[in-house]
Structure formats: C-alpha cells, structure tokens
There are 4 protein chains.
Amino acid sequence: MSSTSQPRRGNTRQRIQDVALELFAEQGYEKTSLREISEKLDVTKAALYYHFKTKEDILVSIFEDLNRPVTDVIAWGREQPRTLETKKEILARYSEALTKAAPLFRFMQENQATVRDLSIGATIKDRVLGLVDLIKDPDAPLTDQVRCLSAIFTLHAGMFGLKDIDGDAEDKRKAVLEVAVDLVTRAHDPGADR
Amino acid sequence: MSSTSQPRRGNTRQRIQDVALELFAEQGYEKTSLREISEKLDVTKAALYYHFKTKEDILVSIFEDLNRPVTDVIAWGREQPRTLETKKEILARYSEALTKAAPLFRFMQENQATVRDLSIGATIKDRVLGLVDLIKDPDAPLTDQVRCLSAIFTLHAGMFGLKDIDGDAEDKRKAVLEVAVDLVTRAHDPGADR
Amino acid sequence: MSSTSQPRRGNTRQRIQDVALELFAEQGYEKTSLREISEKLDVTKAALYYHFKTKEDILVSIFEDLNRPVTDVIAWGREQPRTLETKKEILARYSEALTKAAPLFRFMQENQATVRDLSIGATIKDRVLGLVDLIKDPDAPLTDQVRCLSAIFTLHAGMFGLKDIDGDAEDKRKAVLEVAVDLVTRAHDPGADR
Amino acid sequence: MSSTSQPRRGNTRQRIQDVALELFAEQGYEKTSLREISEKLDVTKAALYYHFKTKEDILVSIFEDLNRPVTDVIAWGREQPRTLETKKEILARYSEALTKAAPLFRFMQENQATVRDLSIGATIKDRVLGLVDLIKDPDAPLTDQVRCLSAIFTLHAGMFGLKDIDGDAEDKRKAVLEVAVDLVTRAHDPGADR
DNA sequence: GATGAATGAGCTTTCATTCAT
DNA sequence: CATGAATGAAAGCTCATTCAT
C-alpha cells in the first residue's frame with residue numbers, strides 16, 4: 001500500500017507552488033487554469049483550495065517566498081552609505097537574487113499587465129523603484145538618472161534577452177552585471193571619462 | 001438627423017481598433033473581453049465579427065498597421081553601411097517609431113506571455129532580434145554585445161519606466177536616446193575611453 | 001469587361017439551389033450555413049435573401065422542383081388498376097425518379113430528424129405513405145404488408161448502401177429493383193411459391 | 001428530507017444520458033442544446049461538463065453503452081459456421097438488440113448526416129458492414145447480395161416505418177424478422193423456388 | 001439584382017469557486 | 001487532507017436575418 005502513488009508527505013503546498021510557478025512562467029497567469037495545475041499534480045481542484053484561498057493567493061504566496069532576497073537587498077542597501085561601492089554591491093546582489101528566482105522574475109516580466117492589478121502589483125513597483133532610488137541621485141542630470149534606470153533594466157533584460165547569444169550562462173550574467181556597473185559608475189561620477 | 005442611432009458610418013473598423021488597443025493596453029489582452037469593446041463602441045459583439053475574424057485578428061490588424069514604421073527602420077538599416085553613424089540613426093529612428101505607437105508597444109511590453117504564442121509572437125521576436133543584429137557585432141566581446149542589447153532595452157524601458165521621474169516627455173526621450181547612443185558608441189569603439 | 005466574373009445571367013437562383021443542395025447533402029442541413037453557400041457562390045449572404053425568404057425556403061424550393069417526378073408517379077399510380085403489373089411499373093418509375101434526383105433523396109435520408117419538422121416534413125411522409133398504399137393491401141397478412149414496405153425501403157437503401165459492393169451503377173440499380181419487384185410480387189400473390 | 005434541492009444523488013451521469021438520448025432522438029442532435037438538457041434535469045450547463053468533456057462525448061458515451069449488444073452479435077456471428085441457421089440466428093439477435101435500444105437506433109437512423117462525421121461515424125458504418133458481411137456471400141449474384149442488404153435495412157425500417165400499420169408491436173417485429181429471414185433464405189439457397 | 005453593415009439570440013465551452021462529506 | 005459534485009458568470013464565436021443604399 002505504499003507504491004505507485006505520490007510521496008505522501010505534507011509537502012503538497014510546496015508542490016502546488018512549484019507546479020503553479022512553472023506553468024505561470026510558461027504560459028502566463030491567465031492562461032493557466034487551476035484545472036491544469038491540479039491535473040499535473042494529480043489532485044483535485046478542491047485540494048488547491050484546501051491549501052490556498054484563491055488562485056491569486058497561490059501567486060502571492062510564491063511571490064512572498066521568492067521575493068525575500070530582493071527585499072533583503074533593498075533593506076541592506078538602505079543602511080549603507082550611498083557610495084559607488086555600495087551601489088556596485090547592490091547591483092551584484094540584485095543580479096544574484098534575480099538569477100536564483102529566475103522563473104518568478106521571468107513570469108513577472110512577461111505578465112506585467114496581469115500582475116499590475118493583482119495585490120502584489122504595488123509591491124513590485126515599489127521594489128523596483130526602491131532599488132532605483134538607492135542607486136540614482138534625484139538631483140543628477142536626467143541622462144544620469146536614465147543610466148541608473150537602464151542599469152536595473154539591463155539586469156532584467158539579461159535574464160531573457162541573451163538566449164540567442166551563445167556563451168556560458170554565468171559568463172553572460174557577469175557581462176550583464178559589468179555593463180550595469182559601468183552605467184552606474186558613469187552616472188555616479190559624471191564627467192569622469194567623457 | 002444627427003442624434004439617436006448613429007448612421008452607421010464607415011469608420012467602424014477603425015474605431016474598433018482604437019478602442020481595442022486602448023483597452024488591451026490598459027487591462028491586458030486576456031482581461032479585455034469583446035463584450036467590453038463592443039459596449040464601449042455601442043455596437044453588438046457580432047458587429048466586431050463582421051469586421052474581424054477573431055479576437056486575435058483584431059490585435060494582429062492593429063499590430064500590422066502600427067508596426068510598419070519599425071519594419072521600415074530595420075529595412076532601411078539593412079541597406080546602410082554598418083558605421084557608427086548608421087547605428088545612431090537607427091536608434092534615433094527606432095526611438096521615434098516607438099514613441100509614435102506608444103500604446104501598442106506598451107501593450108506588447110506588458111503582455112509578452114500572451115503575445116508570445118499569438119501569431120504575431122514570432123514577428124515581434126524577429127523584429128527585436130533584427131534590430132539588435134544591425135547594431136551589435138557578433139565577434140565583439142560579450143560585454144559589448146550586452147551593451148547593444150541594453151541600448152535597445154533602454155529605449156523600451158524609457159517608455160514606461162520614467163513616469164516617476166519628472167521632466168518634459170520629450171526631454172526624457174532625448175535623455176534615453178542619449179544613453180542608448182552612448183552604450184552603442186562604447187560598444188562600437190571599445191577601449192576608446194577605458 | 002466580360003471576363004473573370006461569373007456567368008452574369010439571371011441564373012443566380014438556380015446556382016444557389018445547386019450549391020445549397022450539394023452542401024446540404026454533403027454536410028447536412030444544420031451544418032451548412034448561409035455564409036458557406038454564399039462564399040462558394042461568391043456572392044453575399046444578403047443576395048441569398050433576395051432570391052429566397054429564408055434558409056428553409058431554399059430547401060423547400062429545391063424539394064418542390066426535384067420532387068415533382070415522384071409526385072407524378074403517385075398521381076399516375078392512383079389512376080391505374082391495382083394489378084401486379086401496375087405495382088411493378090410504380091416501382092420501376094419510382095426507382096428512376098430516385099436515381100435522377102439522388103442528391104436530394106440522399107439528403108432526405110440522412111437528415112430525417114431535421115426535415116421532419118420543416119414544412120416539407122409532412123409532405124415527405126405523405127409521399128412515402130402514398131406510395132406504400134398503392135402497393136400494399138391493408139387486408140393482407142402483416143408479413144406481406146411488411147414486404148411492401150421493405151420493397152420501398154430497399155429502393156431507398158439501394159442508393160447508398162451499395163457503395164461497398166462493386167459493380168456498375170446501373171447494374172446495381174436493376175438488381176435492387178428486381179429484389180423490390182420480387183418482394184411485391186410475393187406480397188401480391190401469397191402462397192405462389194411457398 | 002426529500003423535497004427542495006434534491007440531495008445530489010450519484011446518478012446524475014446516467015440521468016444526463018437518459019435525457020440527452022430522449023431529446024436527441026426527438027429533435028435531433030444539433031437542435032438539442034445543452035441548455036435544454038440541463039434545464040430538463042434541473043442542473044446547470046456546467047454540471048454537464050463535470051460529467052462529460054463535450055456535447056459529442058455525451059452522445060459517444062450513450063452509444064458505447066447501448067451499442068454493446070450489437071457488437072456482441074457480430075462477435076458471436078464471426079465464430080459460427082456460415083450456415084443458413086447461423087444467419088437466421090444473427091438476424092433474430094440483431095432484431096432483438098435493435099428493439100432494446102430503439103431510441104438510440106432511431107436517433108442514428110434519423111441523424112445520419114450528423115453522426116457521419118462524429119467520432120462514432122466510422123464505428124457505425126463498420127458495424128452495419130460487418131453484419132452484412134456475415135450474411136452475404138461476396139461471390140453470389142448481385143441480386144442475392146442486395147437481398148441480404150435489404151434484409152438488414154428491413155430490420156432497420158421496421159423500427160419506425162410501421163407506426164401507421166396497426167397491430168401489436170411484438171407481432172410487427174416478428175413479421176419484419178420473418179421477411180428478413182425470408183430474404184436471406186432466398187439469397188442463401190438461390191434457385192430454390194424460382 | 002445585389003451589397004455593406006449590423007443585430008439578437010443562441011451556442012458550446014471554460015473558469016474560479018463552494019461545500020457537504 | 002482531500003474529493004465529488006455542482007454552480008454562476010462569463011467568454012469567444014456563429015447564425016439566420018434585416019434593411020438602407
């Protein structure tokens with residue numbers, strides 16, 4: 001009586017999150033139905049409702065779990081002096097955080113319209129804005145402010161836009177980080193090399 | 001004779017496209033129903049089907065109309081010498097094209113997951129790749145290739161990521177373009193100032 | 001100015017009937033839409049409404065045109081003496097009428113449920129009953145009455161049920177007729193060869 | 001505890017099949033909507049989709065359940081010697097099978113055009129052809145092959161074509177069977193009484 | 001003799017969600 | 001810890017039909 005069936009431990013909640021994220025990232029949030037998730041898990045739809053209150057709640061819980069590292073980076077950044085060194089370190093940590101929870105961030109990137117008016121929407125926006133604020137100087141020339149924004153978006157873009165360039169994944173990540181760091185450096189210390 | 005039950009003018013097709021794009025951009029493709037579109041136009045859903053074969057077809061038709069300028073930029077770029085001047089001009093033209101059809105590109109940015117497996121998905125990917133190819137040198141160091149990618153994505157990001165920075169819209173556009181040009185310049189002529 | 005387009009004569013009504021019957025027989029009445037008919041004819045749906053009042057009206061008109069021969073057979077039969085010779089002749093004429101308007105009768109055979117509550121439904125039933133009445137003797141033993149019914153249905157079945165038997169179409173028709181005649185003969189003159 | 005809002009018994013699936021078959025037979029497949037079925041059952045349309053994947057699936061499930069006896073007759077026939085006795089027995093068993101699932105077969109008879117391109121279409125054709133093959137000799141004269149076909153169609157026709165002849169239902173069935181047997185007998189042993 | 005534009009009703013299907021067991 | 005059965009709402013889509021031009 002202990003064969004064929006699933007690993008009967010209390011890890012169902014986790015499994016739901018895993019499968020859900022996989023499908024959300026692959027197909028988008030709206031196009032993924034609870035039926036699909038439950039079938040892939042070989043449980044009933046009702047089982048999902050035992051573990052989560054709504055479909056949105058599944059996504060929120062995933063987000064809350066995986067977004068922690070990013071929150072941490074921001075929290076950490078807020079307590080550091082606003083030096084160039086700090087900014088570089090923020091980028092490095094953010095890059096790493098993104099990489100670790102790549103499927104979630106890919107999902108968020110590709111489902112902005114959906115995510116925007118879900119409850120996490122505001123959170124996400126705040127997060128990115130918080131990051132940018134740590135890096136850019138509101139009194140700097142517009143161009144330099146754009147550079148900082150661009151640095152963050154470069155990290156984002158680096159996660160998906162490089163599939164068609166060949167090279168080792170880690171190498172690519174480093175190159176992306178380097179470009180971002182470069183942008184922020186130029187923004188931080190304008191005139192340095194122009 | 002200009003009131004109640006407006007006299008079926010011949011511009012319905014255009015009006016459908018306008019309203020649809022507006023709603024698609026605002027709420028996302030999936031969350032915009034044909035009922036919503038038709039109600040806003042004060043026609044029946046069936047009327048939409050007189051003008052378009054499917055919901056997707058509405059989007060495709062909008063895309064085909066508004067994407068033309070971008071196609072043109074790529075076509076033009078392909079026939080120019082691959083000089084730095086050309087690259088700058090491409091960025092400038094692309095920036096302008098994006099601005100002119102901002103709602104469409106905002107929509108595409110925020111609905112990537114959806115758009116990906118619609119029929120226009122491939123077209124879009126090709127378009128961006130085509131642009132990047134015009135700008136980057138496949139034999140350049142990875143970092144410089146990333147710079148080119150980053151330049152394009154900076155233009156994209158500039159359309160929505162700057163709402164929280166104040167300043168005149170046109171000023172911002174120029175700043176964004178300047179950063180993009182700078183990135184490409186550094187990629188084109190590496191070592192210049194490092 | 002007289003090339004590419006359709007044979008611009010006033011034969012549209014006829015062409016509609018032809019195409020409609022073809023599609024009705026092929027796909028069934030309900031599954032054939034007016035859009036399909038009009039597209040195949042390269043006219044608009046509205047054009048169909050110029051020539052016919054409703055979809056049903058198209059079918060009715062076809063029926064009225066093609067059913068005439070059968071009506072004639074019955075009318076003729078009613079004025080003949082009720083001899084075996086007459087019955088044989090009725091079967092022969094009916095067989096011929098069926099063959100000539102095969103698509104219509106195939107259609108009616110395969111769409112009984114539909115046709116039943118169309119306005120022609122009653123007509124059709126009357127027609128078959130009328131035929132059977134000409135052939136069977138209401139006072140004959142049940143078995144012989146069934147033989148007469150069977151004779152008629154054999155003619156019907158012969159139109160479609162023989163596709164998997166090989167042989168010349170006309171040969172098959174004759175064989176079918178022979179069996180039908182035989183059935184009626186046995187019913188007419190019971191005990192003859194038993 | 002037996003009134004209002006009946007206590008969701010476990011027989012809903014069966015009830016759906018019953019009501020569906022009733023309506024399909026009465027009005028035809030296309031003209032019967034799921035709304036109609038669900039209203040007659042006092043459940044929602046969505047409930048139907050809990051039990052069946054599609055409208056077609058409802059029909060298929062009915063067919064699979066009720067067609068079994070016919071399949072059995074053919075299977076049985078295939079293992080018997082091809083004697084006249086066997087053939088008679090096949091007809092008898094087939095007649096009985098038809099009678100027991102009369103509504104289904106009435107439906108199939110009257111909705112051939114519809115059923116033809118549903119997934120059961122091929123099955124049905126094979127079934128009739130299988131039966132005919134058990135009875136007719138492919139080397140016999142064409143007329144005798146027709147007799148066999150006619151025998152089978154006589155059984156079919158007997159189910160609906162006799163409503164206007166009075167007499168006890170079982171008597172009529174026997175008469176029909178007798179005529180069919182007679183046809184096959186004459187086909188099996190040609191020349192006997194001609 | 002036809003078309004262009006539209007409608008109203010209806011269809012099959014899908015979805016997130018609920019709740020008694 | 002989960003299921004079986006069901007719901008209410010809505011979606012995308014198709015159809016026969018109408019009517020001014």
Whole-Å gap separating P (E:dA9) and NZ (C:Lys55): 20 Å

Rounded distance (Å) that lies between atom C1' of F:dA16 and atom CG of C:Leu118: 13 Å

Check B:Lys45 with B:Glu39, please: is the shortest side-chain N to carboxylate O separation under 4.0 Å? no

Taken to the nearest whole Å, CG/B:Asp57 to C1'/F:dT14 is 16 Å

In Watson-Crick or G-U wobble terms, both distances under 3.5 Å, what is the partner of F:dC15? E:dG8

D:Ile37 has an atom CD1; how far is it from atom C1' of E:dT12, in whole Å? 12 Å

Assuming nearest nucleotide by heavy-atom distance, tell me which of D:Thr44 and B:Lys31 is located more 5' along DNA chain F. D:Thr44

So, does C:His51 get its side chain near the phosphate of E:dA2, meaning an N or O under 4.0 Å from OP1 or OP2? yes

Identify which nucleotide among E:dT17, F:dC13, E:dA6 has an atom closest to any side-chain atom of B:Thr54, counting heavy atoms from C-beta outward. F:dC13

Just N and O in the side chain of A:Tyr50: are any of them under 4.0 Å from OP1 or OP2 of F:dA2? no

Rounded to whole Å, the CG-P distance (D:Leu23 to E:dT12) equals 12 Å

Under 3.5 Å for both donor-acceptor distances, Watson-Crick or wobble: does E:dT21 have a partner, and if so which one? F:dA2

Short question: side chain of C:Asn111, backbone of C:Phe107 - any donor-acceptor pair under 3.5 Å? yes

Whole angstrom value for the distance that separates P of F:dG8 from CG of D:Asp42: 11 Å

Should B:Thr12 be listed as having a side-chain N or O under 4.0 Å from OP1 or OP2 of E:dA6? yes

Taking the six-membered ring of B:Tyr29 as reference, does the NZ or CZ atom of B:Lys55 fall below 6.0 Å from its centre and within a 45° cone about the axis? yes

Rounded to the nearest angstrom, tell me the gap between atom CG in D:Leu41 and atom C1' in F:dA5. 14 Å

Can you check whether any acceptor in the base of F:dT7 is under 3.5 Å from a donor in the side chain of D:Lys45, or vice versa? no

In whole angstrom, give the distance that lies between atom CZ of C:Arg15 and atom P of E:dG1. 14 Å

Using modelled atom types only, decide if a donor and an acceptor are shared between the side chain of A:Thr32 and the backbone of A:Gln27 within a distance under 3.5 Å. no

Once you round to the nearest 0.5 Å, how far does OG of C:Ser61 lie from CD of C:Glu56? 11.0 Å

Distance below 4.0 Å between D:Tyr49 side-chain N/O and E:dT13 OP1 or OP2: yes

Does E:dG10 have its OP1 or OP2 closer than 4.0 Å to a side-chain nitrogen or oxygen of D:Ser33? no

Report the residue (D:Ala46 or D:Thr32) whose heavy-atom-nearest nucleotide on DNA chain E is the more 5′ of the two. D:Thr32

Upstream residue (5' side of DNA chain E) when C:Leu48 and D:Arg35 are each assigned their closest nucleotide: C:Leu48

Atom pair CD/CZ of A:Glu110 and B:Arg116 - distance to nearest 0.5 Å: 4.0 Å

With nearest nucleotide decided by heavy atoms, which residue, D:Arg13 or C:Tyr29, maps closer to the 5′ end of DNA chain F? D:Arg13

